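Note that ligands are numbered from 1 as they come in the structure, with each ligand's atoms numbered from 1 the same way. Note that this is a predicted model, so its numbers are computed, not measured.
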Amino acid sequence: MWIVPETAIAGLVDAGAAFDAISDCFASMARRDAYNFPVVREALGEGRQYGFKSGLDRAGGVLGVKSGGYFPGNAARGIPNHQSTVFLFDPESGRPTAMVGGNLLTALRTAAASSLSIHHLARSDAKVLGIIGAGHQSAFQMRAAARVRQFERVIGWNLHPEMLSRLAETAAELGLPFEAVDLEQLGAEADVIITITSSDAAILHDAQVRPGTHLACMGTDTKGKQEVEAALLARARVFTDEVAQSVSLGEAQHAVAAGLIAPDAITELGAVIIGAHPGRETAEEVTLFDGTGVGLQDLAVASLAVELAVAKGLAVEVEV
Ligand code: NAD
């Protein structure tokens, strides 16, 4: 069994490699070669959350689980609140094949998913990127988005304005001007909007979003969370990583519960990737990707990390 520690990941997997791995993963899901198992998520008390996301990709020969969660006491210990580890198994024998640090990989695979949605669904002439949220994930989101469109500037909003410096610094790193704006201006000027917050109520409203916008709603990954008004999903053409998660714990949970959209109106992004769905059909329509984060994404980037770590001599082998 190989061990690939968290500290090795940054030198192994970059945004481009994650983009290709997640594209292949969503394509396998669309071909029904790969599927996710039900998610387990438990509250441990004192704000701690722990769970498992797992799945099988028959075509890729990948079986495994990401275990981890949110541990709010960690900041005081000097380590990240979000902690995760991926375990991979041989799908034929069930023998463990690898244990991989999952923290950076989670950020890379989440940003890869939203950038894939931008690549396939945003207007090709998109120039202004709007970001709602300025936490840990937001910088990864911005960098990945900038790989797939020629953005000329970035505008951003965050509930906690003191965090906006992260967006300004990341935009500067990409050579893009950044402006902090209110939500009215963000909706009126952005061609692409990424939402990546821990919000539990709609931040962005339907009337604030102009025609032709593409939204990647990435923060809602649990029952009860919400980033945009449900009416926006009723107006938009809605895409997701997996419909079952989208309607139960993703951004679409609210629009579906309110009867504004039916689950069968939601298309998996993988269908667009394999050419089974046209994706955006007009320059005026609003497209919305509900990125809920599936276990197969974690397994895809972890498998890649193992392959690269073994090739570079950075994986540690142990007998189990
Ligand atoms: P973080 O803790 O670093 O940042 C949280 C962000 O949410 C900040 O911008 C903060 O200002 C904002 N926020 C907090 N409470 C809010 C509220 N009530 N209303 C509006 N904004 C609020 O978190 P992060 O690591 O950047 O992750 C952001 C979100 O993305 C989390 O909710 C996380 O669970 C989710 N996430 C989703 C996926 C996925 O695959 N879809 C993957 C990783 C993380």
Inset, instruction - Keeping the roles fixed (side chain from Arg149, backbone from Arg123), state whether a donor-acceptor pair exists under 3.5 Å. - result: yes

Legend entry - Gln297 to ligand 1, any heavy atom closer than 4.0 Å: no

Inset, instruction - Identify whether the distance between the nearest side-chain nitrogen and carboxylate oxygen of Asp206 and Arg235 falls below 4.0 Å. - result: yes

Legend entry - Interfacing atoms of ligand 1 (cut-off 4.0 Å, heavy-atom, Ala134): 9 (O)

Legend entry - Numbered atoms of ligand 1 (with element) below 4.0 Å of Ile203, judged on heavy atoms: 20 (C)

Inset, instruction - Name the closest protein heavy atom to atom 42 (C) of ligand 1, giving the residue it belongs to and the distance to 0.1 Å. - result: Thr110 OG1, 3.2 Å

Inset, instruction - May I ask you to check whether His136 has an N/O atom sitting below 3.5 Å from an N/O atom of ligand 1? - result: yes

Inset, instruction - Would you check whether Tyr70 has a nitrogen or oxygen atom less than 3.5 angstrom from a nitrogen or oxygen atom of ligand 1? - result: no

Inset, instruction - Starting from atom 31 (C) of ligand 1, locate the nearest protein heavy atom and write down its residue, its atom name and how far away it is, to 0.1 Å. - result: Ser198 OG, 3.5 Å

Legend entry - Residue, atom name and distance, where the atom is the protein heavy atom closest to atom 17 (C) of ligand 1: Leu159 CD2, 3.5 Å

Legend entry - Under 3.5 Å side-chain donor-acceptor pair for Lys66 and Thr106: yes

Legend entry - Proximity flag Arg109 to ligand 1, non-hydrogen atoms under 4.0 Å: yes

Legend entry - Option with minimal heavy-atom separation from atom 35 (C) of ligand 1, where the choices are Ala216, Gly250, Gly219: Gly219

Legend entry - Candidates Arg153, Arg210, Lys127 - the one meeting salt bridge (charged side-chain N to carboxylate O under 4.0 Å, His left out) with Glu189: Arg153

Inset, instruction - Could you pull out, from Thr292, Asp221, Thr195, the option with a heavy atom nearest to atom 33 (C) of ligand 1? - result: Asp221

Legend entry - CD on Gln137 to CG on Leu108, rounded to 0.5 Å: 9.5 Å

Inset, instruction - Considering heavy atoms of the protein only, find what lies nearest to atom 9 (O) of ligand 1 and give residue, atom and distance to 0.1 Å. - result: Asn158 OD1, 2.7 Å

Inset, instruction - Around atom 4 (O) of ligand 1, find the nearest protein heavy atom and jot down its residue, atom name and distance. - result: Gly135 CA, 3.3 Å

Inset, instruction - Using atom types as modelled and distance alone, determine if a side-chain donor or acceptor of His277 lies under 3.5 Å from a backbone N or O of Gly270. - result: no

Legend entry - Gap between atom CG of Leu232 and atom CG of Leu215 - 0.5 Å precision: 5.5 Å

Inset, instruction - Please write down residue, atom name and distance for the protein heavy atom closest to atom 10 (C) of ligand 1. - result: His160 ND1, 3.5 Å

Inset, instruction - Identify which of Met163, His82, Gln137 has a heavy atom lying nearest to atom 44 (C) of ligand 1. - result: Gln137

Legend entry - atom 29 (C) of ligand 1: nearest protein contact (heavy atom, Å): Thr197 O, 3.4 Å

Legend entry - Contact check: Ser138 vs ligand 1, nitrogen or oxygen atoms, below 3.5 angstrom: no

Inset, instruction - Using atom types as modelled and distance alone, determine if a side-chain donor or acceptor of Glu227 lies under 3.5 Å from a backbone N or O of Gly219. - result: yes

Inset, instruction - Taking Gln226 for its side chain and Val228 for its backbone only, find out whether a donor-acceptor pair lies under 3.5 Å. - result: yes

Legend entry - Separation of Ser115 OG from His120 NE2 (nearest 0.5 Å): 9.5 Å

Legend entry - Top protein contact for atom 32 (O) of ligand 1, by heavy-atom distance: Lys225 NZ, 2.7 Å

Inset, instruction - May I ask you to check whether Ile196 has an N/O atom sitting below 3.5 Å from an N/O atom of ligand 1? - result: no

Inset, instruction - Please check if a non-hydrogen protein atom sits closer than 4.0 Å to atom 2 (O) of ligand 1. - result: no

Legend entry - Sidechain-backbone polar pair: Asp200 side chain, Gly224 backbone, donor-acceptor under 3.5 Å: no

Inset, instruction - Fit a plane to each ring of Phe26 and Phe289, take the angle between them on a 0 to 90° scale, and name the class: parallel (under 30°), tilted (30 to 60°) or perpendicular (over 60°). - result: tilted

Inset, instruction - Give yes or no for whether the N/O distance cutoff of 3.5 Å, strictly under, is met between Gly133 and ligand 1. - result: no

Inset, instruction - Among Leu204, Leu159, Ile194, find the residue that satisfies the side chain to side chain contact (heavy atoms under 4.5 Å, CB included) test when tested with Ile132. - result: Leu204

